[in-house]
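To start, the structure under review is shown below, and the notes come after it.
Predicted model only: the values in this text are computed from it and were never measured. Per chain, numbering begins at 1; letters A, B, ... match sequence-line order.
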There are 2 protein chains.
Amino acid sequence: MADDPAVVRVELDRSSPVPLYHQLATAIEHAIETGSLPPGRRLENEIALAKRLRVSRPTARRALQELVDLGMLVRKRGVGTQVAPVRVRRKVDLSSLYDDLQRSGRHPTTSVLEYSVAPGTAEVIEALELPAEADVVTIRRIRLADGEPLALMTNHLALEVAPSYEELGESGLYHALRQRGVEIHMAHQQIGARIATASEARLLEEKPKVALLTMERTAYDAAGRAIEHGQHVYLASRYSFSTTLFAS
Amino acid sequence: MADDPAVVRVELDRSSPVPLYHQLATAIEHAIETGSLPPGRRLENEIALAKRLRVSRPTARRALQELVDLGMLVRKRGVGTQVAPVRVRRKVDLSSLYDDLQRSGRHPTTSVLEYSVAPGTAEVIEALELPAEADVVTIRRIRLADGEPLALMTNHLALEVAPSYEELGESGLYHALRQRGVEIHMAHQQIGARIATASEARLLEEKPKVALLTMERTAYDAAGRAIEHGQHVYLASRYSFSTTLFAS
DNA sequence: CGCATCCTTATGTCCTAACATATGAGCCTG
DNA sequence: CAGGCTCATATGTTAGGACATAAGGATGCG
């Protein structure tokens with residue numbers, strides 16, 4: 001029968017510090033990603049799964065739930081558990097433009113237009129949650145993809161966390177921050193559009209008044225501290241944002 | 001002492017069909033949102049919470065976990081559970097423009113410019129995963145906020161799921177779909193920008209060549225079926241997208 | 001007085017055990 | 001044979017208990 005429940009081959013290491021449910025989730029995830037569990041395939045029910053692997057039902061359940069949260073499995077009461085249809089099965093991650101470009105096979109380069117230290121404007125001070133008049137590092141850069149201008153990026157950071165001009169290097173701000181031990185955990189961003197100013201058009205080597213995508217972002221670390229605030233513009237003809245949304 | 005664990009006042013309805021853990025999660029969420037549990041405030045530990053409310057520890061745990069997933073609580077082993085720092089504490093939800101506007105206190109209205117049935121274009125057929133030449137319902141609408149034009153929306157749906165012209169009504173497409181029992185679960189969208197065409201500018205009552213935000217979205221139900229594909233344009237001067245991203 | 005160690009605390013992991021309920025298939029009746 | 005009903009199935013909810021482990025403070029020793 002084609003609708004025999006799939007049996008995943010799993011080896012659990014009970015002496016490992018990584019939780020059993022996570023080991024199991026990872027194993028099933030791997031089976032889905034390698035295609036040995038194709039979309040639509042029915043899994044054995046959680047009781048059988050638990051029994052076979054000699055774990056408790058809650059443990060098996062939790063593994064399955066983990067994959068449902070990732071969008072890789074679909075469960076229906078009274079019916080069973082199925083591998084979700086193809087689509088995206090990864091959480092929307094906080095990717096940097098640099099990594100994005102690299103992943104899509106383009107060759108990103110960056111040059112720094114400005115690196116300065118000065119008291120922050122009211123807007124920046126508020127976004128970074130700093131005391132009034134505090135000094136702020138401002139970085140302006142232009143990013144090119146395969147040699148063609150793509151975006152103008154302006155970032156503001158508190159002095160304590162800002163990478164030096166040298167550390168900034170080629171590979172992007174978030175990469176430099178990570179090397180300083182600062183991990184971005186969450187960000188707010190607002191995406192809009194407007195017409196380019198004369199100087200923006202000149203820098204981007206475009207005719208005046210081209211359409212720009214604008215993005216304003218404030219990024220926070222795991223403890224909730226504001227790390228970075230940036231205002232960026234992208235050439236709309238060469239870049240767009242892709243996102244995946246889930247209903248609550 | 002200022003660091004006494006907070007005690008949330010909760011009433012659980014054990015005869016309700018909504019799960020205890022969700023009742024509890026909602027109650028705590030409400031306490032946080034109304035400010036009676038301020039950011040940083042420590043909660044009583046989960047054992048005490050469970051005992052006080054006469055629920056099992058797993059139930060209390062699950063409620064707390066739900067709020068951790070929403071980013072409203074932070075837990076640390078050996079330390080306790082705290083209300084997360086201010087920020088956003090809502091998942092990025094798949095909100096409809098209509099609901100967005102209503103929540104922000106503006107008054108949205110919609111008028112239907114076109115409602116037609118015809119064989120879909122190649123792009124639409126592919127997005128909706130329909131057989132070639134299949135009939136598709138096309139809906140074009142203009143949305144106003146407080147009487148001023150804001151967006152032009154074009155949606156394509158398969159005949160079987162499309163709301164009728166009458167069902168479409170005032171309150172938005174997703175609302176109409178929900179009333180037909182179709183739940184949107186996930187969507188892919190791509191956000192870009194461009195200059196308005198002459199006819200777009202006319203419909204939006206704007207001068208020619210204003211900046212527009214563009215959005216292309218394909219929405220899916222829980223089973224992964226493509227439900228709706230839309231191409232929308234927004235007046236950039238009146239609208240922007242806000243999102244919250246989390247690192248993986 | 002500084003430093004290492006122990007101990008308390010609270011969450012993390014894992015188990016067994018019921019009962020509730022949505023779904024779909026098959027049976028049974030009119 | 002059509003339509004309603006029953007029942008098996010699989011997931012959803014809840015309970016109660018045991019042990020592991022990270023964090024931070026208290027303790028005691030050099």
Below 4.0 angstrom, which residues in residues 14-24 of chain A have at least one non-hydrogen atom near DNA chain C?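 Hits under 4.0 Å, by residue number: A/Arg14, A/Pro19, A/Leu20, A/Tyr21.
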What range of DNA chain D does chain A touch, first nucleotide to last, counting atoms under 4.0 Å from its heavy atoms? D/dT9 to D/dT13
Interatomic distance where CG belongs to B/Asn45 and P belongs to C/dT8 [whole Å]: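 Atom CG in B/Asn45 sits about 16 Å away from atom P in C/dT8.
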Please state how far atom CG in B/Leu73 lies from atom C1' in C/dT11, giving the value in whole angstrom units. 13 Å
Whether A/Glu46 and A/Arg75 form a salt bridge (side-chain N of Lys/Arg under 4.0 Å from carboxylate O of Asp/Glu) is what I want to check.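 So A/Arg75 pairs with A/Glu46 through a salt bridge.
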Near DNA chain D, counting only heavy atoms under 4.0 Å, which residues of residues 48-63 of chain B show up? B/Arg54, B/Val55, B/Ser56, B/Arg57, B/Pro58, B/Thr59, B/Arg62
How far does CD1 of B/Ile32 sit from CG of B/Leu43, to the nearest 0.5 angstrom?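 Those atoms lie 7.0 Å apart.
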Could you pull out every donor-acceptor pair under 3.5 Å between side chains of residues 118-128 of chain B and any protein atom, sequence neighbours left out?
residue	atom	partner	partner atom	Å
B/Thr121	OG1	B/Val124	N	3.4
B/Glu123	OE1	B/Gln231	NE2	3.3
B/Glu123	OE2	B/His229	NE2	3.3
B/Glu123	OE2	B/Gln231	NE2	3.3

Would the distance check show the side chain of [X] and the main-chain N or O of [Y] forming a donor-acceptor pair, the cut-off being under 3.5 Å?
X	Y	value
B/Gln82	B/Arg41	no
B/Gln23	B/Asp13	yes
A/Ser36	A/Ala31	yes
A/Thr59	A/Val55	no

Pairwise side-chain contact, B/Arg52 with B/Val8, heavy-atom cut-off 4.5 Å (strictly under):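 A side-chain contact under 4.5 Å exists here.
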Under 3.5 Å, is there a donor on one side chain and an acceptor on the other for [X] and [Y]?
X	Y	result
A/Glu228	A/Tyr174	yes
B/Thr218	B/His188	no
A/Arg217	A/Asn155	no

B/Glu133 atom CD: more than 12 heavy-atom contacts under 6.0 Å: no
Partners of A/Thr26 by side chain to side chain donor-acceptor pair (under 3.5 Å), sequence neighbours excluded?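 Result, side chain to side chain donor-acceptor pair (under 3.5 Å) vs A/Thr26: none returned.
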Distances for protein N or O near nucleotides 22-27 of chain C N or O, under 3.5 Å:
residue	atom	partner	partner atom	Å
C/dT23	O4'	A/Arg77	O	3.4

